[in-house]
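Report on the following structure.
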Amino acid sequence: MLLAVGRAKPGPEAALFAQHNARLRPALVLKEFAEGSGSPAEMRRREGEALLAALPDGALAVALDLGGEMPDSEALARLTARWEEAARPLAFLIGGAEGLDPQVLARADHRISLGRLTWPHMLVRGLLAEALFRAQCIRTGHPYHRAWRPG
């Protein structure tokens, strides 16, 4: 499951997510939430409340956050295996332009980052889907990931 702030419009970001999400087994179920209004703190609070309310009971929540762990592809493959072994509903959380509310970060079981660069939150959806697909390929020995390439 992917819980994300903002409603994607047709375009390259939505197409990137759709392309990689279609390859995932199972595909991520995307639930979108309206961006909050008000001050940045108020926006984060409102968006955070919506994200937290949508989390399934007992979900293993993974927040996409600049301050999170930055696994490489092989480490993400190990993490996803561990998360699946937990036998809990898995939910990835992507905030809006102002990031995730501290309450969401506090609730998260894991925080991961796609690197030190700041990415547009609509683009993060596609990047996450590709990274998860790559992790699945690593775990199954599929040749999509080229482990021999220098990192």
Side-chain angles (χ1 to χ4, degrees), residues 1-35 43-44 47-48 50-56 58-151:
M1 169 179 287
L2 174 56
L3 305 176
V5 174
R7 304 216 190 271
K9 296 180 177 94
E13 294 91 349
L16 179 69
F17 173 73
Q19 173 188 353
H20 291 292
N21 194 42
R23 295 175 174 178
L24 284 171
R25 298 292 178 261
L28 292 169
V29 173
L30 173 64
K31 290 188 179 182
E32 296 179 310
F33 301 89
E35 294 180 351
M43 289 174 70
R44 282 190 302 272
E47 294 165 357
L51 291 171
L52 292 174
L55 274 176
L60 194 153
V62 180
L64 278 284
D65 179 61
L66 275 173
E69 176 184 350
M70 288 187 279
D72 62 16
S73 295
E74 288 83 5
L76 182 61
R78 291 188 297 273
L79 276 172
T80 58
R82 201 170 80 215
W83 295 337
E84 287 178 17
E85 288 169 6
R88 294 168 57 192
L90 181 58
F92 293 92
L93 306 165
I94 298 175
E98 299 297 334
L100 289 168
D101 189 72
Q103 288 184 8
V104 174
L105 296 175
R107 166 56 182 88
D109 296 288
H110 296 276
R111 290 170 50 197
I112 61 170
S113 172
L114 298 178
R116 293 179 180 248
L117 296 172
T118 302
W119 296 103
H121 61 281
M122 288 296 171
L123 186 55
V124 169
R125 298 172 185 202
L127 295 173
L128 175 64
E130 193 283 336
L132 293 174
F133 174 69
R134 184 176 298 274
Q136 283 184 351
C137 289
I138 291 168
R139 291 173 48 200
T140 62
H142 187 281
Y144 178 80
H145 179 68
R146 308 287 198 274
W148 55 267
R149 295 183 71 184

Which heavy-atom pair separates Lys9 from Ala14 by the least distance, and what is that distance?
O-CB, 3.5 Å

Would you mind reporting whether Gln103 and Arg44 have side-chain heavy atoms less than 4.5 Å apart?
no

Which atoms form the tightest heavy-atom contact between Gly48 and Val104, and what is the distance?
CA-CG2, 3.5 Å

Main chain of Leu28, side chain of Asn21: is a donor-acceptor contact present, judged purely on distance under 3.5 Å?
yes

For Ala34 and Arg7, which heavy atoms make the closest approach, and how far apart are they?
N-NH2, 3.6 Å

So how far is it from Lys31 NZ to Leu55 CG, rounded to the nearest 0.5 Å?
9.5 Å

Interatomic distance, CZ@Arg134 vs OG1@Thr80, rounded to 0.5 Å, equals 13.0 Å

Considering non-hydrogen atoms only, spot the tightest contact between Arg23 and Gln136 and give its length.
O-OE1, 4.2 Å

Measuring only between side-chain heavy atoms, which start at C-beta, is Leu60 closer than 4.5 Å to Pro89?
no

Would you compute the distance between atom CG of Leu76 and atom CE of Met70 and round it to the nearest 0.5 angstrom?
13.5 Å

Anything under 30° is parallel, anything over 60° is perpendicular, the rest tilted; go ahead and classify Trp83 against His110.
tilted

Using a strict 4.0 Å threshold on nitrogen-to-oxygen distance, state whether Arg125 and Glu32 make a salt bridge.
yes

Only one of Glu85, Glu74, Glu84 passes salt bridge (Lys or Arg N to Asp or Glu O under 4.0 Å) with Arg139; say which it is.
Glu84

Measure the spacing between CD of Glu47 and CG of Leu100 and express it to the nearest 0.5 Å.
8.5 Å

Crowding at CD, Gln19 (>12 non-hydrogen neighbours, <6.0 Å):
yes

Which residue is it: Ile94, Val5, Asp101? I am looking for the one with a side-chain contact (heavy atoms from CB on, under 4.5 Å) to Leu51.
Val5

Output yes when Arg111 and Asp109 qualify as a salt bridge under the 4.0 Å nitrogen-oxygen rule, no when they do not.
no

Nearest heavy-atom approach of Leu64 to Leu128 is CD2-CD2, 4.2 Å

Of all heavy-atom pairs linking Leu114 and Trp119, the shortest is O-NE1, 3.9 Å

